[in-house]
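Scroll down for the structure; my scribbles are underneath it.
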Amino acid sequence: MESEPSADATSTPYAGLSPELILEALESVGFTPNGGLLALNSYENRVYQAEQEDGEFVVAKFYRPQRWSTAAIREEHAFSAELKDAEISVVAPLIIDGDSLFEFGGFQFAVYPRQGGHPPNLENEADLAVLARTIGRMHAIGARATFKHRAAL
């Protein structure tokens, strides 16, 4: 699944990530985008909301080449699925034909359902209590196993 990045991948890692490539990548895993793309905020990856022919939306996340190993990304996806299974409010990548990580045009990507949300009100004690319990549950689930491929912070 690992692909060779272009020669200038470290200086301009997304130079080849065109709207056409994004749409073709989604088609390669069975989606039917109608051409509607919206770039979403992301610090190091590229994330796009894509409208489908049926009017539904998905979110495609293209991972920065050479930033994380395939094993680290898969470990992240597995942890997201574990949190979701524990009924923690996270958005895990979609599983398509038994996989959540795909490659197209030299980029690794994942597809997520579109999910709305809102930030907590940090001045409300009840919101802070829910946030604290959620973070505690996430840490408890994360402590069940040692991450082998993610960088330690």
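Using modelled atom types, one finds a donor on one side chain and an acceptor on the other under 3.5 Å when comparing Glu44 with Trp68. Using modelled atom types and a 3.5 Å distance limit, the side chains of Gln108 and Thr70 yield a donor-acceptor pair. Judged by distance alone, the side chains of His149 and Ser69 never bring a donor and an acceptor atom under 3.5 Å apart.
At least one side-chain heavy atom of Leu101 sits less than 4.5 Å from a side-chain heavy atom of His77.
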**Intermediate values then yes/no, side-chain contact (heavy atoms from CB on, under 4.5 Å), Asp99 and Arg74** = CA-CA 9 Å; Asp99 207 352; Arg74 289 188 182 286; 2.6 Å; yes
**Request:** Report the C-alpha separation of Val29 and Phe104 in whole Å, then their side-chain angles, then the decisive distance to 0.1 Å, and conclude whether the side-chain contact (heavy atoms from CB on, under 4.5 Å) test is met.
**Result:** CA-CA 10 Å; Val29 293; Phe104 188 87; over 6 Å; no
**Prompt:** Between Leu128 and Asn121, is a side-chain contact (heavy atoms from CB on, under 4.5 Å) present by the stated rule, with each step listed?
**Reply:** CA-CA 8 Å; Leu128 289 176; Asn121 179 354; over 6 Å; no
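From Ile141, atom CD1 reaches atom CD1 of Ile88 across 3.5 Å, with rounding to the nearest 0.5 Å. Note that CG of Asn34 is 8.5 Å distant from CG of Leu23, once rounded to the nearest 0.5 Å. We find the CG-OG distance between Leu21 and Ser28 to be 9.0 Å, quoted to the nearest 0.5 Å. For the atom pair CD of Glu53 and OG1 of Thr32, the computed distance is 4.5 Å after rounding to the nearest 0.5 Å. Interatomic distance, Ile96 CD1 to Leu94 CG, rounded to the nearest 0.5 Å: 5.5 Å. A distance of 11.0 Å separates NE2 of His139 from OG1 of Thr134, quoted to the nearest 0.5 Å.
The pair Glu82-Arg144 meets the salt-bridge criterion, with a side-chain N (NZ, NE, NH1 or NH2) lying under 4.0 Å from an Asp/Glu carboxylate O. For Glu76 and Lys61, the salt-bridge test passes: some basic side-chain N is under 4.0 Å from an acidic carboxylate O.
A donor-acceptor pair is defined here as one N or O able to donate and one able to accept, closer than 3.5 Å; such a pair exists between the side chain of Glu103 and the backbone of Gly106. In this structure a side-chain-to-backbone donor-acceptor pair under 3.5 Å is present from Glu75 to Lys148. The main-chain N or O of Arg64 is found under 3.5 Å from a side-chain atom of Asn45 such that the two form a donor-acceptor pair.
Counting all heavy atoms, side chain and backbone alike, Phe107 lies closest to Pro13 at CE2-O, 3.4 Å. Nearest approach of Pro93 to Tyr112, heavy atoms of both residues: N-CE2, 3.3 Å. Considering every non-hydrogen atom in both Leu26 and Pro33, the closest pair reads CB-CG, 4.2 Å. Heavy atoms only, all atoms of each residue included: Val90 and Lys84 are closest at CG2-N, 3.7 Å. Across every non-hydrogen atom of Pro113 and Val59, the tightest pair is O-CG2, 4.4 Å.
Under a cutoff of 6.0 Å and an axis angle of 45°, Arg46 and Phe62 do not form a cation-pi pair.
The environment of CG in Asp54 is crowded: more than 12 heavy-atom neighbours from other residues, nucleotides or ligands sit within 6.0 Å.
Ring geometry for Phe109 versus Phe102: interplanar angle of 30 to 60°, hence tilted.
Linking Ile, Leu, Val, Met, Phe, Trp and Tyr residues whenever their side-chain heavy atoms come within less than 4.5 Å places Leu37 and Val111 in a single cluster. Under the 4.5 Å side-chain heavy-atom criterion for ILVMFWY residues, a single connected hydrophobic cluster contains both Val47 and Ile73. At a threshold of 4.5 Å between side-chain heavy atoms, the hydrophobic network of Ile, Leu, Val, Met, Phe, Trp and Tyr places Leu40 and Tyr63 in one connected group.
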